Amino acid sequence: DGGITQSPKYLFRKEGQNVTLSCEQNLNHDAMYWYRQDPGQGLRLIYYSQIVNDFQKGDIAEGYSVSREKKESFPLTVTSAQKNPTAFYLCASSTLTGIKTYGYTFGSGTRLTVV
Amino acid sequence: AQRVTQPEKLLSVFKGAPVELKCNYSYSGSPELFWYVQYSRQRLQLLLRHISRESIKGFTADLNKGETSFHLKKPFAQEEDSAMYYCALLSFQKLVFGTGTRLLVSP
């Protein structure tokens, strides 16, 4: 069953701790993205990667880090430097050639709560 | 700068009423626009893309370059249309999203 999987679904973190959110896809998509979804603010781009071993900052990259060691995987680390980490995090993927036609495929999201 | 504006946070209508969810954009080139929908407890999914000029679940959206708009319309709303709707603009192989409009369709 092809798709994009995010884990865990819910995550609790203590202040001062780093935490890593997983995103895996088996769609053979070139590009992967991380967005943060907050009420009233829509989806804001954190990081994206269009090729293995390369990634670019989005609009709100401060306090986050990513890696892209494999085409299928794009984990996001929320560091202790992120001032307001409690949010819903969405991972997405796309082909580069088909993005105008197919847009993104989204994961089901991870809700991170800092306690 | 590329920007998508959805002016309404909430749109509440009765079943059978027409619906128009507004989307305006700013973009210097030729825009590629999408509508995404998120039903309760489901993942965000593509509803419409402007290049296809299609009708999905009775929804249509027309690109108006003069008004820089891509409003989503449906002539007769159904209760199952209740969801969060996002307009998105493709810019340098990335999607820029609006803040979303929650549509509530009451019986």
Side-chain angles (χ1 to χ4, degrees), chain A residues 1-7 9-10 23 25 27 29-51 54-61 66 74 87-111, chain B residues 1-11 21-27 29-54 56 61 63 70 72 83-103:
Chain A
D1 186 23
I4 181 165
T5 303
Q6 288 186 245
S7 61
K9 199 165 187 164
Y10 299 97
C23 180
Q25 54 99 359
L27 300 166
H29 283 175
D30 309 295
M32 297 185 75
Y33 312 82
W34 276 104
Y35 285 83
R36 174 180 168 139
Q37 188 178 25
D38 295 285
Q41 299 196 56
L43 279 72
R44 293 180 291 165
L45 182 63
I46 304 172
Y47 269 98
Y48 66 101
S49 168
Q50 295 180 333
I51 194 169
D54 188 48
F55 48 83
Q56 308 296 328
K57 291 183 180 179
D59 301 316
I60 56 163
V66 294
F74 192 42
F88 190 60
Y89 291 88
L90 281 171
C91 181
S93 68
S94 72
T95 66
L96 291 176
T97 52
I99 192 170
K100 289 183 183 180
T101 304
Y102 304 109
Y104 289 173
T105 299
F106 278 94
S108 55
T110 293
R111 185 165 297 282
Chain B
Q2 301 82 11
R3 191 183 187 103
V4 175
T5 302
Q6 293 181 252
E8 304 138 329
K9 285 189 177 178
L10 173 65
L11 186 62
L21 287 82
K22 291 184 167 42
C23 172
N24 288 90
Y25 66 89
S26 62
Y27 188 65
S30 185
E32 305 281 351
L33 288 149
F34 303 80
W35 276 100
Y36 278 79
V37 61
Q38 190 170 32
Y39 300 104
S40 180
R41 300 181 188 278
Q42 293 187 29
R43 61 183 69 192
L44 207 57
Q45 56 188 279
L46 179 63
L47 178 64
L48 282 180
R49 50 210 167 194
H50 96 270
I51 60 168
S52 306
R53 300 187 62 80
E54 59 206 335
I56 303 291
L63 178 61
F70 187 58
L72 184 67
M84 194 74 182
Y85 291 80
Y86 290 96
C87 183
L89 168 72
L90 184 63
S91 172
F92 298 105
Q93 303 284 47
K94 306 182 303 295
L95 288 178
V96 177
F97 289 86
T99 51
T101 298
R102 181 167 298 282
L103 175 64

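Note: hydrogens, waters and symmetry copies are ignored here, and every other heavy atom, side chains too, is used. This is a predicted model, so every value here is computed, not measured. Order of the sequence lines fixes the chain letters, A, B, ..., with proteins taken first and strands second; residue numbering starts at 1 for each chain.
Around the CD1 atom of A:Ile51, the shell of radius 6.0 Å holds no more than 12 heavy atoms that belong to other residues, nucleotides or ligands.
Residues of residues 34-42 of chain A placed with any heavy atom under 4.5 Å of a heavy atom in chain B are listed by number as A:Tyr35, A:Gln37, A:Gly40, A:Gln41, A:Gly42.
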A:Phe106 and B:Tyr36: CA distance, side-chain angles, deciding distance, ring pair (Phe, Tyr, Trp, His ring centres under 6.0 Å) verdict: CA-CA 10 Å; A:Phe106 278 94; B:Tyr36 278 79; 5.6 Å; yes

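The nearest pair of heavy atoms linking A:Phe88 to B:Gln38 is CE2-NE2, 4.4 Å. The minimum heavy-atom distance between A:Ile99 and B:Leu90, with the atom names listed, is CD1-CD1, 3.7 Å.
Of the inter-residue distances, the one linking A:Ser108 atom OG with B:Arg41 atom CZ reads 13.0 Å to the nearest 0.5 angstrom. Going from atom CD of B:Gln45 over to atom OG1 of A:Thr105 covers 11.0 Å, rounded to the nearest 0.5 Å. From B:Thr99, atom OG1 reaches atom CG of A:Leu43 across 10.5 Å, with rounding to the nearest 0.5 Å.
For the ring-ring contact (aromatic ring centres under 6.0 Å, His included) test, residues two or more places apart in sequence or in another chain that qualify with A:Tyr89 are A:Tyr64.
With a 4.5 Å cut-off on non-hydrogen atoms, A:Tyr48 touches chain B through its side chain but not through its backbone. Interface remark: B:Gln93 contributes backbone and side-chain atoms alike to the contact with chain A (heavy atom separation under 4.5 Å). Heavy-atom distances place both the backbone and the side chain of A:Thr101 under 4.5 Å from chain B. In this structure, chain A has a heavy atom under 4.5 Å from the side chain of B:Leu46, while its backbone stays farther away. Using a 4.5 Å cut-off between heavy atoms, A:Leu45 touches chain B through its side chain atoms alone.
Chain B forms more heavy-atom pairs under 4.5 Å with one residue of A:Ala31, A:Gly103, A:Gly107 than with any other, namely A:Gly107. Contacts with chain A were tallied for B:Lys94, B:Gln42, B:Arg102, B:Met84; B:Lys94 has the most, counting heavy-atom pairs under 4.5 Å.
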